[in-house]
Amino acid sequence: MPLRTDLDPSDWASLRQQGHRMLDDMFDHLQTLRERPVWQPIPQALRQAFREPLPEQGQPLAALHERFMTQVLPYSVGNAHPRFMGWVQGGGTPEGMLAEMLAAGLNANLGGRDQMPLEVERQVVHWMAELFGFPTGASGLFVTGSSMANFLGLLVARTRALGPGSRRSGVAALPAPLVAYAAATVHGCIAQAMAMAGLGSDALRRVPVDGRHRMDLAVLERMVEADRAAGLQPFLVVGTAGTVDVGAVDDLAGIAALAGRERLWFHVDGALGALGMLSPGVAPLLAGIEQADSIALDFHKWGQVPYDAGFVLVRHADAQLEAFASPEAYLARHPRGLAAGSPWPCDLGPDLSRGFRALKTWFTFMAQGRERLGAAIAHTCRLARYLEQRLAQSPRLEVLAPVALNIVCFGLRGVDAEQVHPELVADLQESGVAVPSTTRVNGRTVIRVAIVNHRTTSADIDALFEAVLAWADTHLVRSPRRLETVTT
Ligand SMILES: *Cc1c(COP(=O)(O)O)cnc(C)c1O
């Protein structure tokens, strides 16, 4: 029999049954998350199982499903689990999962053309313009994550500063080197974006922060003056709405005023915190974000949309079009037919083929509503305050950074933090009980708890707290002068 050349199943009825089993397994998984460890180390033999040669013949879907359930699912990061608090990662929602399946079935390519899926994406753009108080002429685009969204924001700012001709002449033709500004604690993707934009990460000035880990605006102003005096061209200031290490929010209104005076593009890295606007309690902390020229944000963090769903919002569509639109013949527009409906997403960023990230986002917002999403966000901030209080009452533990949003950095008192905290965190991770992480605050390694997951409860915070103390009990001996690691 000749080999079939289409890739559809020969037996749709059994595929349907198999598909329902897969769906049921994922519902079971989500319903019983708490019964499993947050994370567990990958057995070496299992890694080896994924070093097979390219398969010549296909295998039954049921067997692949079985491999997924036993070999992949149990050894993932665990960010859907309520006691995952290691990094800023969202927990996902069942609606988002189902929407992702619908999007994959449809297999829509959202680069352009006249199709309803683009209206779904435009709906989300309108919602974001509304949420951030941007004008109706704002534009926006789904991208992988905020690393990319920040990069696109920076490219729009660069084109605004140099004019559209710079897209042809390149940065080699710059009259004066461009410089940008951000707090010293800014996410690493901003320096990376400067490098990728050809401006160099050295041209990102790192402004010192105050006691609350916010950019010192007086120093920023002096840095801008000094750079202008030296013949450089300041063009961009990046404010952060929720730093990834401690959750600090820059004085966004203050930055907006300064950016206005100095004619700088004001971009906000809102990857972590921008969606705090969904909560009436959190929104006032972000005051000034509505004055940004562009905002990067992640629906896959506080928005709980399944990965990946980054987004960039630009105050004036013209600026975004000026940075990316190009007149290729095969992308020509027409007043009717499939080539209608300009501008297209491919005019707003570098991607041409793009998936339907908007659908899982639209489903999540429509199914949950702003009120519930906002309440989940506010709840994570309340849990952070609760943990802060428990730490403050403990003689053995101390809070090591101000708690602004949903991140708590703390440590054991009187220990060698560089040695003890990473060991404690790795042991907790391997225990599967809870997943914190470490970061560095004021030159010291601290334990970091980022509460992003909507499933986390105060009982989960208690479990983490007790696990930290239990670790200290078994691993540290009290000596008259300091606690030391027990060497066994
Ligand atoms: C997560 C994060 C980023 C990077 O976003 P990705 O979606 O991981 O690419 C940038 N900045 C901040 C403040 C973040 O929290």
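Computed from a predicted structure; not experimentally measured. Whatever order the structure lists ligands and atoms in, that order sets their numbers, starting from 1.
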Name each donor-acceptor pair under 3.5 Å that joins a side chain in residues 278-285 to protein atoms two or more places apart or in another chain, with its distance.
unit_1: S279; atom_1: OG; unit_2: G281; atom_2: N; d: 3.2
unit_1: S279; atom_1: OG; unit_2: V282; atom_2: N; d: 3.2

>> Please enumerate all residues that pass ring pair (Phe, Tyr, Trp, His ring centres under 6.0 Å) together with F84, with sequence neighbours excluded.
In response: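 Listed in chain order: nothing, the list is empty.
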>> Show me, by chain and number, every protein residue that has a heavy-atom distance under 4.0 Å to ligand 1.
In response: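 Lining ligand 1 at under 4.0 Å, by heavy atoms, one finds G145, S146, S147, H187, C189, G242, V244, D269, A271, L272, D298, H300, K301.
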>> Treating D351 as the side-chain partner and R354 as the backbone partner, does any N or O pair qualify as donor plus acceptor under 3.5 Å?
In response: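 Not a single qualifying donor-acceptor pair exists.
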>> Please check this pair: side chain of R158 against backbone of A197, looking for a donor-acceptor N/O pair closer than 3.5 Å.
In response: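 Yes.
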>> Please find the pair of heavy atoms, one from F410 and one from H421, that lie closest to each other, and give the distance.
In response: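 Closest approach of F410 to H421: O-CE1, 4.4 Å.
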Report, one line per pair, each donor and acceptor closer than 3.5 Å where one atom sits in a side chain of residues 125-140; sequence neighbours left out.
unit_1: S139; atom_1: OG; unit_2: Q320; atom_2: OE1; d: 2.5

